[in-house]
Amino acid sequence: MTKALFITATGTDIGKTYISALIAKSLKDNNLNVGYYKAALSGSRDKTDSDAWYVKEKADLLDSYNEMVSYSYKHAYSPHLAAQIEGNPPDIKIIKNAYKNISKKHDYMIVEGSGGIICPIRYDKHQKIFLEDIIKELNIPSIIISDAGLGTINSTVLTIEYMKSRNLKINGVILNRFNISNVMHEDNKKMIEDITNIKIAGVVVNGILKLDERNLESLFE
């Protein structure tokens with residue numbers, strides 16, 4: 001049975017795609033069969049200018065782009081707004097079926113979200129889809145990507161508490177752009193764990209993912 005992990009973040013440009021690629025490459029380098037899926041992405045002029053293509057190239061994934069992405073939009077807006085402008089709005093049944101099809105081919109699946117956890121994927125009179133709806137439909141745990149720097153206590157705690165209120169399982173937090181000699185980064189790590197009781201699963205230091213105690217595969221379920 002395929003094990004999966006949903007990659008979300010405290011906001012946009014925090015490092016979801018970069019860390020998704022690090023995880024995928026690490027698993028593949030260990031001869032594990034890993035796939036990647038993203039329901040909707042925006043700000044992509046063509047497939048080579050997209051989050052999914054970045055992960056595909058960095059981790060040398062063999063699935064086609066169309067298998068990895070269900071909806072792609074050119075406007076660099078939230079997917080719900082890009083879909084309103086460009087048409088072709090996401091459908092939750094199509095997303096669920098696409099994920100099911102690609103996951104059959106892999107032992108591990110990385111599913112990347114769009115923006116932060118409250119990012120609307122579709123919002124019209126026919127359907128209202130948020131990232132939490134996709135997580136629930138796919139029934140997989142999440143890991144939260146946060147920046148290590150100033151302000152992360154607030155944004156990370158708020159994200160965790162929102163996800164807890166929606167009964168979304170959190171398998172940890174990864175702090176991006178972490179500096180082991182920075183006293184604030186170390187304190188941010190400690191404070192997030194103390195306030196939320198959610199483990200900092202790892203940090204990214206100079207482009208290297210360093211996990212605390214757990215191996216990478218254990219984050220997946």
Side-chain angles (χ1 to χ4, degrees), residues 2-27 34 36-39 51 55 99 108-121 130-221:
T2 303
K3 294 185 177 182
L5 185 65
F6 192 92
I7 311 292
T8 189
T10 56
T12 192
D13 294 328
I14 301 297
K16 293 188 309 299
T17 301
Y18 181 71
I19 293 174
S20 292
L22 287 180
I23 293 172
K25 187 176 187 308
S26 179
L27 291 175
V34 58
Y36 168 95
Y37 176 72
K38 185 159 183 167
D51 297 342
V55 177
Y99 171 76
Y108 293 87
M109 280 298 304
I110 296 165
V111 183
E112 184 186 348
S114 305
I117 189 62
I118 312 179
C119 179
I121 303 303
F130 290 85
L131 279 182
E132 64 189 77
D133 300 309
I134 294 175
I135 296 171
K136 289 175 180 178
E137 283 290 336
L138 303 187
N139 191 29
I140 55 179
S142 298
I143 196 155
I144 300 167
I145 310 303
S146 301
D147 189 88
L150 186 64
T152 198
I153 295 172
N154 180 71
S155 59
T156 305
V157 171
L158 287 174
T159 297
I160 289 171
E161 293 305 319
Y162 180 87
M163 293 180 71
K164 284 180 177 179
S165 76
R166 297 302 197 269
N167 296 314
L168 302 174
K169 186 173 184 182
I170 305 167
N171 278 6
V173 174
I174 292 177
L175 293 178
N176 194 20
R177 309 179 187 107
F178 194 87
N179 185 336
I180 57 176
S181 63
N182 188 310
V183 65
M184 180 181 65
H185 290 188
E186 291 288 356
D187 184 70
N188 286 343
K189 181 174 181 286
K190 176 182 179 298
M191 290 298 292
I192 290 167
E193 289 185 333
D194 285 353
I195 294 170
T196 67
N197 203 31
I198 294 293
K199 178 72 175 174
I200 302 296
V203 297
V204 176
V205 182
N206 296 325
I208 299 172
L209 177 59
K210 299 177 179 292
L211 295 181
D212 289 3
E213 301 174 1
R214 306 173 69 177
N215 62 41
L216 195 54
E217 299 96 293
S218 69
L219 297 177
F220 291 73
E221 290 183 18

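Side chains are part of it too, since the values below use all heavy atoms of this structure and drop only hydrogens, waters and symmetry mates.
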Handout entry: Check: N188 side chain, G149 main-chain N or O, donor-acceptor pair, under 3.5 Å
Key = yes
Practice task
Answer yes or no: is there a donor N or O on one side and an acceptor on the other, between the side chain of K169 and the main chain of I140, under 3.5 Å?
Solution key: no
Fill in the blank from the handout: Sorted by chain and residue number, the ring pair (Phe, Tyr, Trp, His ring centres under 6.0 Å) partners of Y18 (sequence neighbours excluded) come out as none
Completion exercise
For residues 146-157, the salt bridge (Lys or Arg N to Asp or Glu O under 4.0 Å) pairs (sequence neighbours left out) are D147-R177
Fill in the blank from the handout: Closest non-hydrogen contact found for A201 with G172 is CB-CA, 4.3 Å
Problem - Worked verdict on L175 versus I192 for side chain to side chain contact (heavy atoms under 4.5 Å, CB included) - result: CA-CA 10 Å; L175 293 178; I192 290 167; 4.2 Å; yes
Handout entry: Heavy atoms of other groups near I180 CD1, more than 12 under 6.0 Å
Key = no
Fill in the blank from the handout: To the nearest 0.5 Å, atom OG1 of T17 lies from atom CD1 of I110 at 11.0 Å
Exercise for the section: Can you see which heavy atom on A39 is nearest to which on I134, and at what distance? Expected result: CB-CD1, 3.9 Å
Exercise for the section: Please confirm whether the backbone N or O of V204 pairs with a side-chain atom of N176, one donor and one acceptor, at under 3.5 Å? Expected result: no
Practice task
Kindly indicate whether the side chain of I135, heavy atoms from C-beta on, has any atom under 4.5 Å from the side chain of S142.
Solution key: yes
Problem - Value rounded to 0.5 Å, distance of OG1 in T10 from CD1 in I117 - result: 11.0 Å
Handout entry: Stepwise side chain to side chain contact (heavy atoms under 4.5 Å, CB included) check, V55 with K38
Key = CA-CA 11 Å; V55 177; K38 185 159 183 167; over 6 Å; no
Practice task
With side chain to side chain contact (heavy atoms under 4.5 Å, CB included) as the test, would you mind laying out the steps for Y36 and I7 before giving the verdict?
Solution key: CA-CA 11 Å; Y36 168 95; I7 311 292; over 6 Å; no
Handout entry: Interatomic spacing from CG in L209 to CD1 in I19 - rounded to 0.5 Å
Key = 7.0 Å
Completion exercise
Shortest non-hydrogen pair, C119 vs S114, comes out as CB-O, 3.0 Å
Handout entry: By salt bridge (charged side-chain N to carboxylate O under 4.0 Å, His left out) - contacts of D13 (at least two apart)
Key = none
Completion exercise
Tightest non-hydrogen contact, residues G11 and I14, listed as O-CG1, 3.3 Å
Problem - Polar side chain donor-acceptor pair, Y108 to E217, under 3.5 angstrom - result: no
Exercise for the section: Could you pull out the closest heavy-atom pair between T8 and G116, with the gap in Å? Expected result: OG1-C, 4.1 Å
Handout entry: Any residue meeting salt bridge (charged side-chain N to carboxylate O under 4.0 Å, His left out) with D133, in chain and number order, not counting sequence neighbours
Key = none
Problem - Backbone N/O of L22 and side chain of S26: donor-acceptor pair under 3.5 Å - result: no
Practice task
Return yes when atom CG of D194 has more than 12 non-hydrogen atoms of other residues, nucleotides or ligands closer than 6.0 Å, and no otherwise.
Solution key: yes
Completion exercise
When rounded to the nearest 0.5 Å, the distance separating CD of E193 from NZ of K189 is 5.0 Å
Fill in the blank from the handout: CG (N171) and NZ (K199) are apart, to the nearest 0.5 Å, by 13.5 Å
Handout entry: I160 vs I195 side-chain heavy atoms within contact, under 4.5 Å
Key = no
Problem - With S165 via side-chain hydrogen bond (donor to acceptor under 3.5 Å, both in side chains) - residues at least two apart - result: none
Fill in the blank from the handout: Between the CD1 atom in I144 and the OG1 atom in T196, the distance rounded to the nearest 0.5 Å is 8.0 Å
Problem - Test log, rule side chain to side chain contact (heavy atoms under 4.5 Å, CB included), inputs L131 and F6 - result: CA-CA 10 Å; L131 279 182; F6 192 92; 4.0 Å; yes
Exercise for the section: State, yes or no, whether a side-chain contact exists between F220 and L27 at a heavy-atom distance under 4.5 Å. Expected result: yes
Handout entry: Side-chain donor or acceptor of T152 paired with backbone N/O of A148 under 3.5 Å
Key = no
Practice task
Mind checking ring pair (Phe, Tyr, Trp, His ring centres under 6.0 Å) for F178 and listing every partner two or more places apart, or none if nothing turns up?
Solution key: H185
